[in-house]
Amino acid sequence: MKKLLAITALGVLTLTSCKKDYTCTCSSAASSYNFSETYPDQKKKDAEDLCTVRESQLKTLYTDAKCAL
C-alpha cells in the first residue's frame, strides 16, 4: 500500500512540475509598440501556442509585430 501511495504521489508531482508561468513579449519597431502578457501555470507548448495567436492578432494592427516567450 505504501508503494502504491508513493508511486501515485510521484506521478502527480511529475505531471504538475512541467507547468509554470510564461511571459509573452510582443513589440513592433515601426510603431514603438511594446506589450507583455503572462500565462500562469502553463505547459511550454501551450504558452507558445498562446503567444503565436497573440502575434497573429497583433499583426492585423502592426504588420511587423513579433512575439516571443
Side-chain angles (χ1 to χ4, degrees):
M1 186 67 162
K2 288 182 182 181
K3 287 182 182 181
L4 179 60
L5 183 59
I7 291 171
T8 302
L10 182 61
V12 169
L13 289 175
T14 302
L15 291 175
T16 58
S17 65
C18 61
K19 290 184 177 183
K20 63 181 193 175
D21 296 350
Y22 289 94
T23 301
C24 177
T25 303
C26 305
S27 63
S28 170
S31 64
S32 300
Y33 176 82
N34 291 306
F35 174 79
S36 291
E37 185 172 41
T38 301
Y39 306 124
D41 199 30
Q42 296 288 319
K43 293 181 182 176
K44 185 174 183 179
K45 175 70 174 127
D46 294 339
E48 287 172 342
D49 291 345
L50 290 168
C51 196
T52 300
V53 168
R54 178 62 67 207
E55 181 179 271
S56 297
Q57 292 170 340
L58 288 174
K59 283 191 179 219
T60 62
L61 299 171
Y62 309 103
T63 56
D64 69 332
K66 299 284 183 198
C67 295
L69 283 184

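Hydrogens, waters and symmetry mates are skipped; everything else that's a heavy atom, side chains included, is used.
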Undergrad: Looking at every non-hydrogen atom in both residues, tell me the closest pair between A30 and D64 and how far apart they are.
TA: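 Scanning both residues, the minimum pair turns out to be N-OD2, 3.0 Å.
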Undergrad: Got a sec, which residues hit side chain to side chain contact (heavy atoms under 4.5 Å, CB included) with T63, two or more places apart in sequence or on another chain?
TA: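 Testing T63 for side chain to side chain contact (heavy atoms under 4.5 Å, CB included), a comparison that skips the adjacent residues, returns none.
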Undergrad: Evaluate the side-chain contact (heavy atoms from CB on, under 4.5 Å) criterion for residues K66 and K59: first the C-alpha distance (whole Å), next the side-chain angles of each, then the deciding distance (0.1 Å), finally the verdict.
TA: CA-CA 8 Å; K66 299 284 183 198; K59 283 191 179 219; 4.2 Å; yes
Undergrad: Taking side chain as C-beta onward, heavy atoms only, is Y33 less than 4.5 Å from L61?
TA: no
Undergrad: Minimum heavy-atom separation for A65 to L58, with atom names?
TA: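 Of all heavy-atom pairs spanning A65 and L58, the closest is CB-CB, 3.9 Å.
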Undergrad: If you compare all heavy atoms of Y22 against all heavy atoms of Q42, which two are closest, and at what distance to 0.1 Å?
TA: CE1-O, 3.3 Å
Undergrad: Would the distance check show the side chain of T60 and the main-chain N or O of S56 forming a donor-acceptor pair, the cut-off being under 3.5 Å?
TA: no
Undergrad: I need the D41 CG to D21 CG distance, nearest 0.5 Å.
TA: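 If I round to the nearest 0.5 Å, the distance is 7.0 Å.
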Undergrad: Could you pull out the closest heavy-atom pair between E48 and L69, with the gap in Å?
TA: CG-CD1, 3.5 Å
Undergrad: Could you report the tightest heavy-atom contact between S31 and Y62, atom names first, then the distance?
TA: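 Between these two residues, the closest heavy atoms are OG-CD2, 3.1 Å.
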Undergrad: Within a strict 4.5 Å, meaning less than it, do heavy atoms of the L50 and C24 side chains meet?
TA: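 L50 does not reach C24 side chain to side chain.
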